[in-house]
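First the structure, in the form of structure tokens, and then the observations on it.
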Amino acid sequence: MAKIILETFADATFGNCIKITNGLVELHVTVDFGPRVIYCSSVGMENMFFQDTAKTPLDKKYDVYDDQIILYGGHRVWIAPEVVPRCYHPDNVPVTVENVPNGARFVGAVEKHNQIQKSITITLEENSPKVKVVNSIKNVGLWDIELAVWAITMLAPGGAEIMPMPTRNTGLLPNRNFTFWDYTSMGCSRVRFGKKYVTLQQNPEKEQPFKLGYNNENGWAAYFNKEQVFIKRFNPVFGGNYPDNGCCFESYTNAKMLEMETLGEISQLPPNESLTIEEEWEIQKAAPLSSKADESDITAAISKFSL
């Protein structure tokens, strides 16, 4: 039987981190800032997550809380809808680590201007390449606040993302709703819309950002890269009160990386209560997915992962 191991180590770029592994998958979570999951892979393979090793500050227009917003990379929890300044609170200070069965909870400092506290809880099972991730926002203020939890995973360049089309039979009525941002070109060569899937390629040579959101009612998306696949599963609510014209899932890419983003429903959050998004990550070795793959190729590639 494999054991779940937690080890503290010093990362040359990101400082103190905790490695969590069961011998099949390996994750690194930062301690000196965050919470951020900065590394994710099958054991012995390359990191599937994007890392900003230069620790690039965002444009100064986002420095609204007397500190710089650093890109860092990896996986983080944010607030939706996206507005300035609320979303852009820095996460540059140490986190608190709490032991839980088969994993750990990483609790960020209270965001004093927003009066919220973010946390990420990670647990593994023995002999399984799956990871349970609970993304949480707690209201530590004195009155209700309205928000949605937004779980954002930044993935390394060079891969291909698969997003399933909604399959609900609605007769003569539409069954899918896509949202696009003002910088998105509908003629972008990185995206392809099929009957069963949307594919989005990360291309390091394409500077122009691209983003889409939609009602991902199937509750999964997959990213093929570095001879592995990263699968994100979640539990969408049909007809839920989601941000951005009803999007429970969004994806963004630029020349540096690709983001897989799950969103919760917009809710009133009372004091001392929390909202969460639960995700299941699966990381497995997998053959690369060609940029020319058709829908039958995609179906064959994902069939072994119960998608």
Side-chain angles (χ1 to χ4, degrees), residues 1-7 9 11 17-30 35-51 73-77 99-106 120-135 151-164 197 199 202 216 218-236 249 251 257-262 276-289 293 297-307:
M1 295 291 288
K3 292 184 178 180
I4 298 163
I5 299 172
L6 281 73
E7 295 179 347
F9 73 100
D11 183 271
C17 296
I18 290 181
K19 179 174 76 172
I20 306 175
T21 183
N22 61 359
L24 296 174
V25 298
E26 180 176 329
L27 301 103
H28 301 171
V29 188
T30 60
R36 296 273 183 140
V37 185
I38 207 71
Y39 182 102
C40 177
S41 77
S42 295
V43 168
M45 303 291 284
E46 292 185 66
N47 187 12
M48 288 285 282
F49 284 3
F50 167 74
Q51 289 187 352
H75 176 84
R76 69 187 186 276
V77 183
N99 291 328
V100 301
N102 297 330
R105 178 179 297 112
F106 301 84
I120 299 174
T121 303
I122 296 173
T123 54
L124 279 66
E125 297 179 5
E126 296 178 349
N127 302 311
S128 172
K130 297 179 179 179
V131 181
K132 182 179 179 180
V133 182
V134 180
N135 307 276
I152 303 175
T153 306
M154 304 170 73
L155 292 140
E161 180 185 22
I162 307 302
M163 295 169 277
Y197 311 105
T199 59
Q202 197 291 324
N216 184 342
N218 295 281
W220 64 267
Y223 188 68
F224 287 80
N225 199 18
K226 300 179 181 293
E227 298 185 345
Q228 300 168 84
V229 61
F230 174 84
I231 301 167
K232 178 180 281 204
R233 294 183 176 93
F234 56 100
N235 296 306
F249 185 84
S251 191
M257 51 79 186
L258 181 143
E259 289 182 344
M260 299 169 69
E261 311 173 1
T262 53
T276 63
I277 291 178
E278 293 191 11
E279 299 179 314
E280 181 187 80
W281 299 350
E282 182 175 355
I283 310 97
Q284 298 239 36
K285 296 178 182 179
L289 189 66
D297 296 327
I298 294 170
T299 298
I302 65 174
S303 61
K304 64 185 70 175
F305 305 113
S306 302
L307 296 174

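Small disclaimer: the values here were computed from a predicted structure and weren't measured.
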Problem - With K19 via salt bridge (Lys or Arg N to Asp or Glu O under 4.0 Å) - residues at least two apart - result: E7
Handout entry: Validation row: N102, L124 side chains within 4.5 angstrom (heavy atoms)
Key = no
Problem - S128 (side chain) donor-acceptor with K130 (main chain) under 3.5 angstrom - result: yes
Practice task
For residues L27 and W281, determine if any side-chain heavy atom of one lies less than 4.5 Å from a side-chain heavy atom of the other.
Solution key: yes
Handout entry: Minimal non-hydrogen separation, A222 against M260, with atom names
Key = N-CE, 3.9 Å
Handout entry: Closest non-hydrogen atom pair, F224 against A287
Key = CD2-O, 3.7 Å
Exercise for the section: Can you see which heavy atom on I277 is nearest to which on T262, and at what distance? Expected result: CD1-O, 3.6 Å
Problem - Test salt bridge (Lys or Arg N to Asp or Glu O under 4.0 Å) applied to E282 - qualifying residues, sequence neighbours left out - result: R233
Handout entry: Residues that P164 engages under side chain to side chain contact (heavy atoms under 4.5 Å, CB included), provided they are two or more places apart
Key = Y214, N216, N218, W220
Cut-off 3.5 Å, no hydrogens considered: what does the side-chain donor-acceptor table look like for residues 37-45, sequence neighbours left out?
residue, atom, partner, partner atom, Å
Y39, OH, S41, OG, 3.2
Y39, OH, M45, O, 3.2

Practice task
Tell me, please, which residues at least two apart from E125 pass salt bridge (Lys or Arg N to Asp or Glu O under 4.0 Å).
Solution key: none
Exercise for the section: For H28 and F49, run ring-ring contact (aromatic ring centres under 6.0 Å, His included): C-alpha distance rounded to whole Å, both residues' side-chain angles, the deciding distance at 0.1 Å, then the answer. Expected result: CA-CA 10 Å; H28 301 171; F49 284 3; over 10 Å; no
Fill in the blank from the handout: Sequence neighbours excluded, the answer for salt bridge (Lys or Arg N to Asp or Glu O under 4.0 Å) partners of R76 is E259
